[in-house]
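Before any comments, here is the structure.
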Amino acid sequence: MYTQHSKQSGFTLLELLVVLGIIAMLAGIVGPQVMKHMGESKVKAAKVQIEELMASLDMYKLDLGNYPSQEQGLNALIESPDSTKNWNGPYLRKSKVPVDPWQNPYIYTFPGKHGKFDLSSLGADSVEGGEGEDRDVLGWE
């Protein structure tokens with residue numbers, strides 16, 4: 001007589017716990033490194049955006065003879081201020097002024113303390129100073 005033996009295969013609870021433990025250890029080691037590089041990439045992105053905005057401000061000055069006033073701000077790069085005649089903008093490709101990687105507006109000061117104008121971001125903490133991702137990103141450095 002033929003008897004049917006069913007042989008079930010699978011993982012034991014102990015094997016599953018070992019695999020979960022290994023995954024948890026890897027996440028604990030790799031996770032902070034990934035987050036560190038994400039913070040650094042946001043700082044680099046802010047530097048690139050500041051450079052782009054500074055170049056647009058220089059193009060604005062070439063057309064109008066001066067930089068936007070403090071009141072006009074960076075919006076003068078996308079919308080013609082009422083009192084300007086030679087405005088050939090928009091000077092940015094986007095329809096609105098970009099914000100920094102932490103979703104805060106860039107700080108434009110005219111006249112500047114470090115040059116004709118100052119352009120900066122306060123970093124992740126939105127407070128002057130700081131270290132790492134919290135440090136300020138300055139257009140004059």
**Message:** Looking at Glu131, I'd like to know if its CD atom is crowded, meaning that more than 12 non-hydrogen atoms belonging to other residues, nucleotides or ligands lie closer than 6.0 Å.
**Reply:** no
So, does [X] use its side chain to make a donor-acceptor pair with the main chain of [Y] at under 3.5 Å?
X: Asp125; Y: Val127; result: yes
X: Gln70; Y: Tyr108; result: yes
X: Asp118; Y: Lys113; result: yes

Residue pair [X] / [Y]: nearest heavy atoms and the distance that separates them:
X: Phe110; Y: Lys116; value: CD1-O, 3.2 Å
X: Leu92; Y: Ser56; value: CD2-OG, 3.3 Å
X: Pro101; Y: Tyr106; value: CD-OH, 3.8 Å
X: Phe117; Y: Leu57; value: CE1-CD1, 3.5 Å
X: Lys94; Y: Ile78; value: O-CG2, 3.7 Å
X: Leu74; Y: Val97; value: O-CG2, 3.5 Å

**Request:** Please say which of Val137, Ile107, Asp134, Asp100 ends up in a side-chain contact (heavy atoms from CB on, under 4.5 Å) with Leu122.
**Result:** Ile107
**Asked** For the side-chain contact (heavy atoms from CB on, under 4.5 Å) test, which of Met54, Lys47, Glu52 pairs with Ile50?
**Response** Met54
Atom [atom1] in [X], atom [atom2] in [Y]: separation rounded to 0.5 Å?
X: Lys61; Y: Asp63; atom1: NZ; atom2: CG; value: 11.5 Å
X: Leu53; Y: Leu119; atom1: CG; atom2: CG; value: 5.5 Å
X: Ser121; Y: Arg135; atom1: OG; atom2: CZ; value: 11.0 Å
X: Trp87; Y: Leu64; atom1: CH2; atom2: CG; value: 9.5 Å

**Prompt:** Just by distance, with hydrogens left out, do Tyr67 and Asp58 show a side-chain donor and acceptor under 3.5 Å apart?
**Reply:** yes
